[in-house]
Protein chains: 2
Amino acid sequence: MSNLISIKSATLSEDISQQLTNAIVQGYIPQGSKISEPELAKQYGVSRGPLREAIVKLEGLGLVTRTANVGARVIELNTQDMLDTFTMREALEGMAARLAASTMPSEEINSLYALLDKHQAYLDANQDEHYVQQGGNDDFHLRIIHASGNAKLIRLLTEELYAIIRMYRRHTADQRSDPRQALREHKAILDAIANHEGDLAELLMRRHISRASQLLKQAMEHSAVASRT
Amino acid sequence: MSNLISIKSATLSEDISQQLTNAIVQGYIPQGSKISEPELAKQYGVSRGPLREAIVKLEGLGLVTRTANVGARVIELNTQDMLDTFTMREALEGMAARLAASTMPSEEINSLYALLDKHQAYLDANQDEHYVQQGGNDDFHLRIIHASGNAKLIRLLTEELYAIIRMYRRHTADQRSDPRQALREHKAILDAIANHEGDLAELLMRRHISRASQLLKQAMEHSAVASRT
DNA sequence: AATAGATAAATTGTCAACAATATGGCGTTT
DNA sequence: AAACGCCATATTGTTGACAATTTATCTATT
């Protein structure tokens with residue numbers, strides 16, 4: 001139940017940085033709340049030095065914003081920020097799918113087919129309940145991203161954008177997408193990659209993400225109307 | 001002649017951060033060189049605190065790499081890194097062009113046509129000599145990026161990727177592209193945007209950047225062969 | 001002579017104190 | 001009563017000192 005996950009790193013700063021990142025993404029530290037240096041330093045049992053360093057790192061990751069002489073606050077994700085993030089994701093993951101289509105080794109492709117079979121079996125067994133893809137090696141999108149072989153693209157998507165997305169999902173009604181539909185789309189994307197059809201793979205991946213983005217937009221407009229009553 | 005550009009910021013840390021960024025991008029601090037905290041602190045006349053903070057920021061921007069208990073080094077850009085960066089640029093600027101096609105106000109479009117006329121006049125007057133587009137408001141690509149209206153995309157492209165690209169250009173034979181060809185492509189992109197043809201604008205922008213990427217690749221292979229003699 | 005180990009120097013990581021700035025409360029003034 | 005300015009408090013920014021780790025130097029051994 002504790003939000004303190006003990007990860008022994010080489011330096012305190014790295015340690016705190018990871019713990020803070022986790023705390024923010026998981027929502028233990030709510031959006032918009034102030035990051036007090038003395039308070040957190042006491043809480044984590046370190047001095048302000050390494051803690052400040054961690055905050056600067058978080059700023060680089062886009063999880064907090066800092067104002068000189070005032071301090072840091074956790075970002076507040078509004079719908080526009082989220083749609084902007086999805087737009088970038090569409091462009092970058094589309095490109096990742098294209099790259100994967102030309103470089104992905106066949107054994108990795110087979111392994112991904114096996115993963116999709118596993119997802120299929122899960123849906124069959126759990127009557128279409130969403131499987132939680134929390135970033136592990138079982139996440140189809142992450143596998144494609146890594147298959148791109150573009151180190152900078154991998155870092156950006158997995159360390160920055162996905163943190164934001166996961167953070168957002170926590171406080172919104174989970175995506176009301178049809179998991180079987182998503183699985184079909186995943187399969188189509190993988191087929192294109194297996195056939196080394198980069199153009200098609202990119203197109204399908206973009207359409208897939210765009211669809212999720214549209215759902216998000218609708219959900220937001222809906223909840224905005226609902227909260228207005 | 002000094003590499004010290006005095007920018008009075010709210011905090012020393014911001015100040016140092018900007019100066020270091022500039023020094024690295026401009027090549028005053030060469031690639032691969034070690035960032036010594038005591039040395040730089042003395043050089044800039046500050047204590048190690050704000051200097052460390054600046055280094056952490058630079059790490060977030062991808063300009064230096066840090067190793068625990070060892071220190072920071074300026075990144076060394078190899079051809080692969082550069083091609084990876086161009087690949088991301090292709091995806092993101094392509095998307096920016098698409099977005100611009102649907103949101104760019106007509107007066108801004110006219111202003112961009114005027115800019116291209118200015119470039120044309122420059123080429124006519126200076127017998128096709130490259131105009132240096134060092135990131136000012138006269139850079140066509142930056143104008144398109146800003147017209148996308150996607151804040152996150154703007155920040156990533158202008159603050160991170162472009163810093164890397166400028167850094168790389170400094171120590172390589174400048175792009176041997178045909179400036180008239182580039183100008184023609186810019187015009188075609190702008191035409192597509194003016195006609196609100198997002199698909200076409202994206203396609204043309206990607207082709208434009210891909211072409212530059214190909215030239216870069218050839219130049220690299222060429223110089224690799226040349227240096228082997 | 002080359003390698004391995006021990007010691008010394010230098011650098012990074014961390015801390016606690018001080019300075020500068022912003023925030024909140026109080027009283028005064030209009 | 002509201003607004004302005006002043007003062008006290010708290011927070012951030014910066015500094016110098018100390019601890020921990022790495023790097024360099026020197027000696028000893030094979």
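Just so it is clear, the model here is predicted, and its values are computed rather than measured.
Take Glu76(A) and apply the side chain to side chain donor-acceptor pair (under 3.5 Å) test, not counting sequence neighbours, and it matches no residue. For Ala201(A), the side chain to side chain contact (heavy atoms under 4.5 Å, CB included) test picks out Ala97(A), Ala101(A), Ala192(A), Ile193(A), with sequence neighbours left out. Legend: residues meeting salt bridge (charged side-chain N to carboxylate O under 4.0 Å, His left out) with Glu39(A), ordered by chain and number and at least two apart, are absent. By the salt bridge (charged side-chain N to carboxylate O under 4.0 Å, His left out) test, Arg155(B) is found to be paired with Glu159(B), Glu160(B), residues two or more places apart in sequence or in another chain being considered. When the salt bridge (charged side-chain N to carboxylate O under 4.0 Å, His left out) test is applied to Glu53(B), the partners found at least two apart in sequence or on another chain are Arg52(A), Arg66(A). For Lys217(A), the side chain to side chain contact (heavy atoms under 4.5 Å, CB included) partners two or more places apart in sequence, or in a different chain, are Leu83(A), Glu221(A). Every side chain to side chain contact (heavy atoms under 4.5 Å, CB included) that Ala212(A) has, sequence neighbours left out, goes to Phe86(A). Checked against side chain to side chain contact (heavy atoms under 4.5 Å, CB included), Thr158(B) has the following partners two or more places apart in sequence or in another chain: Leu142(B), Ile145(B), His146(B), Ile154(B).
Using cut-offs of 30° and 60° for the angle between ring planes, the His186(B) and Phe140(B) rings count as parallel.
For the helix from dA1(C)-dT30(D) to dT30(C)-dA1(D), the end axes, each set by the C1' atoms of five terminal pairs, are bent relative to each other by 20° (nearest 10°).
Extent of DNA chain D lying under 4.0 Å from chain A heavy atoms, first and last nucleotide in 5' to 3' order, is dT11(D) to dT14(D).
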Please enumerate all protein N or O atoms sitting under 3.5 Å from an N or O of nucleotides 10-17 of chain C, with distances to 0.1 Å.
{"unit_1": "dT12(C)", "atom_1": "OP1", "unit_2": "Lys34(B)", "atom_2": "NZ", "d": "2.8"}
{"unit_1": "dT12(C)", "atom_1": "OP2", "unit_2": "Glu37(B)", "atom_2": "N", "d": "3.4"}
{"unit_1": "dG13(C)", "atom_1": "OP1", "unit_2": "Asn69(B)", "atom_2": "N", "d": "3.2"}
{"unit_1": "dG13(C)", "atom_1": "OP2", "unit_2": "Arg52(B)", "atom_2": "NH1", "d": "2.4"}
{"unit_1": "dG13(C)", "atom_1": "OP2", "unit_2": "Arg52(B)", "atom_2": "NH2", "d": "2.9"}
{"unit_1": "dG13(C)", "atom_1": "N7", "unit_2": "Arg48(B)", "atom_2": "NH2", "d": "2.8"}
{"unit_1": "dG13(C)", "atom_1": "O6", "unit_2": "Arg48(B)", "atom_2": "NH1", "d": "3.0"}
{"unit_1": "dT14(C)", "atom_1": "OP1", "unit_2": "Leu12(A)", "atom_2": "N", "d": "2.4"}
{"unit_1": "dC15(C)", "atom_1": "OP2", "unit_2": "Ser47(A)", "atom_2": "N", "d": "3.0"}
{"unit_1": "dC15(C)", "atom_1": "OP2", "unit_2": "Ser47(A)", "atom_2": "OG", "d": "2.9"}
{"unit_1": "dC15(C)", "atom_1": "O5'", "unit_2": "Ser47(A)", "atom_2": "OG", "d": "3.4"}

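Among residues at least two apart or in separate chains, side chain to side chain donor-acceptor pair (under 3.5 Å) pairs with a member in residues 90-109 of chain B are Arg89(B)-Glu93(B), Glu93(B)-His141(B), Glu93(B)-Tyr162(B), Arg98(B)-Asp199(B), Arg98(B)-Glu202(B), Glu108(B)-Arg143(B).
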